[in-house]
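What follows is one structure encoded as structure tokens, with my remarks underneath.
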Amino acid sequence: MTITTAHTDIEEQPTGPAFSLVVYGIPGPQGSKKPVGNRMSKKGNLVPVLVESSKKVKPWRDAVKDAAKTQILLQRGRFTTLDGPLLAEMHFTMPAPKTMPKDRVAHTVYPDLSKLLRSTEDALTQAGVWADDARVVRYRDLSKAYPGRGPHTLDRPGVVLHVWRDRPGLIPVTDGPR
């Protein structure tokens, strides 16, 4: 497969991020659901009622949503909901265990990075940062690490995130499978 791009260095953005945010709190993964009973659908069928299996999801989504709404309010009417193709970056700082092995550098344990993204993206949608998380067409960088154990880590659990409007021509184009 050959990959061609109109622009080769995604680090070069013409302007700074359209939205940046730091949120403190314990990042909660979203994705795994557990059944808690049944309900009747509008069509009269019995369907399962599913709830998030992680109790950390709601507090995390609320923290992200509240911080994002505050950031938007601080812009005093200069912020408009982001729409169109977006480029994002998120760096999660996870709580360190009380006793951590000296050789453990990376956060290679639960929760999955993809599930942290899901909860954070949904909170940003609810806050009105972007029209929908489907607008994110790619990520510039993603990470999860312990406090002080990486270039983008915070001093305590949370996330650092940035969102840019993606420029046309930066999305890789392929000529198909070979």
Pro29 versus Pro27, closest heavy-atom pair with distance: CD-O, 4.0 Å

From Leu113 CG over to Met94 CE, what is the distance, rounded to the nearest 0.5 angstrom? 9.5 Å

Suppose we screen for ring pair (Phe, Tyr, Trp, His ring centres under 6.0 Å). Which residues come up paired with Tyr24, at least two apart in sequence or across chains? none

Listed partners of Asp132 passing salt bridge (charged side-chain N to carboxylate O under 4.0 Å, His left out), at least two apart: none

Qualifying residues under side-chain hydrogen bond (donor to acceptor under 3.5 Å, both in side chains), relative to Thr70, sequence neighbours excluded: none

hydrophobic_cluster_shared for Tyr139 and Leu82, side chain cutoff 4.5 Å: yes

Could you work out the complete set of other residues in the hydrophobic cluster of Tyr146, with links drawn between I, L, V, M, F, W and Y side chains under 4.5 Å apart? Met100, Val109

What I'd like to find out is whether the side chain of Leu124 reaches to under 4.5 Å of the side chain of Glu121, using heavy atoms alone. no

For Met40, the rest of its hydrophobic cluster, which grows through side-chain links under 4.5 angstrom: Leu46

Indicate the atoms forming the closest heavy-atom contact of Leu116 with Pro111, along with that distance. CD2-CG, 3.7 Å

Does atom CZ (Arg78) have a neighbourhood of more than 12 heavy atoms from anything else shown, all under 6.0 Å? yes

Treating Ile, Leu, Val, Met, Phe, Trp and Tyr as nodes and any side-chain heavy-atom pair under 4.5 angstrom as an edge, say whether Ile26 and Leu161 lie in one connected cluster. no

Kindly compute the distance separating CE (Met90) from CZ (Arg140), expressed to the nearest 0.5 Å. 14.0 Å

Reported CG-to-CZ distance for the pair Leu87 and Arg165, which is rounded to 0.5 angstrom: 12.5 Å

Looking at Asp122 and Arg118, is any side-chain nitrogen of the basic one under 4.0 Å from a carboxylate oxygen of the acidic one? no

Drop me the distance from Leu142's CG to His91's NE2, to the nearest 0.5 angstrom. 7.5 Å

Suppose we screen for side-chain hydrogen bond (donor to acceptor under 3.5 Å, both in side chains). Which residues come up paired with Lys144, at least two apart in sequence or across chains? His107

Short question: side chain of Ser119, backbone of Val57 - any donor-acceptor pair under 3.5 Å? no

Is there a continuous path of hydrophobic side-chain contacts, each under 4.5 Å between heavy atoms, that joins Phe79 to Trp130? yes

Residues in side chain to side chain contact (heavy atoms under 4.5 Å, CB included) with Lys42, at least two apart? none

Arg138 vs Asp166 side-chain heavy atoms within contact, under 4.5 Å: yes

Quick one: does Ser41's side chain have a donor or acceptor within less than 3.5 Å of a partner on Val47's backbone? no

For residues 152-163, which residue pairs qualify under salt bridge (charged side-chain N to carboxylate O under 4.0 Å, His left out), counting only residues two or more places apart or in two chains? none

Taking every heavy atom of Ala127 against every heavy atom of Ile72, the minimum-distance pair comes out as O-CD1, 3.6 Å

Taken in chain and number order and not counting sequence neighbours, the residues that satisfy side-chain hydrogen bond (donor to acceptor under 3.5 Å, both in side chains) with Thr153 are none

Check Arg61, Lys115, Lys58 against Gln30 for a side-chain hydrogen bond (donor to acceptor under 3.5 Å, both in side chains) and give me the one that passes. Arg61

With sequence neighbours excluded, residues passing side chain to side chain contact (heavy atoms under 4.5 Å, CB included) with Ser20: Pro17, His162

Mind checking the NE2-OG1 spacing from His152 to Thr93? Nearest 0.5 Å is all I need. 10.5 Å

Please report the closest heavy-atom contact between Ala67 and Leu21, naming both atoms and the distance. O-CD1, 3.6 Å

Ala63: partners by side chain to side chain contact (heavy atoms under 4.5 Å, CB included), with sequence neighbours left out: Val23

Could you work out, with side-chain hydrogen bond (donor to acceptor under 3.5 Å, both in side chains) as the rule, every residue matching Thr120, not counting sequence neighbours? Trp60

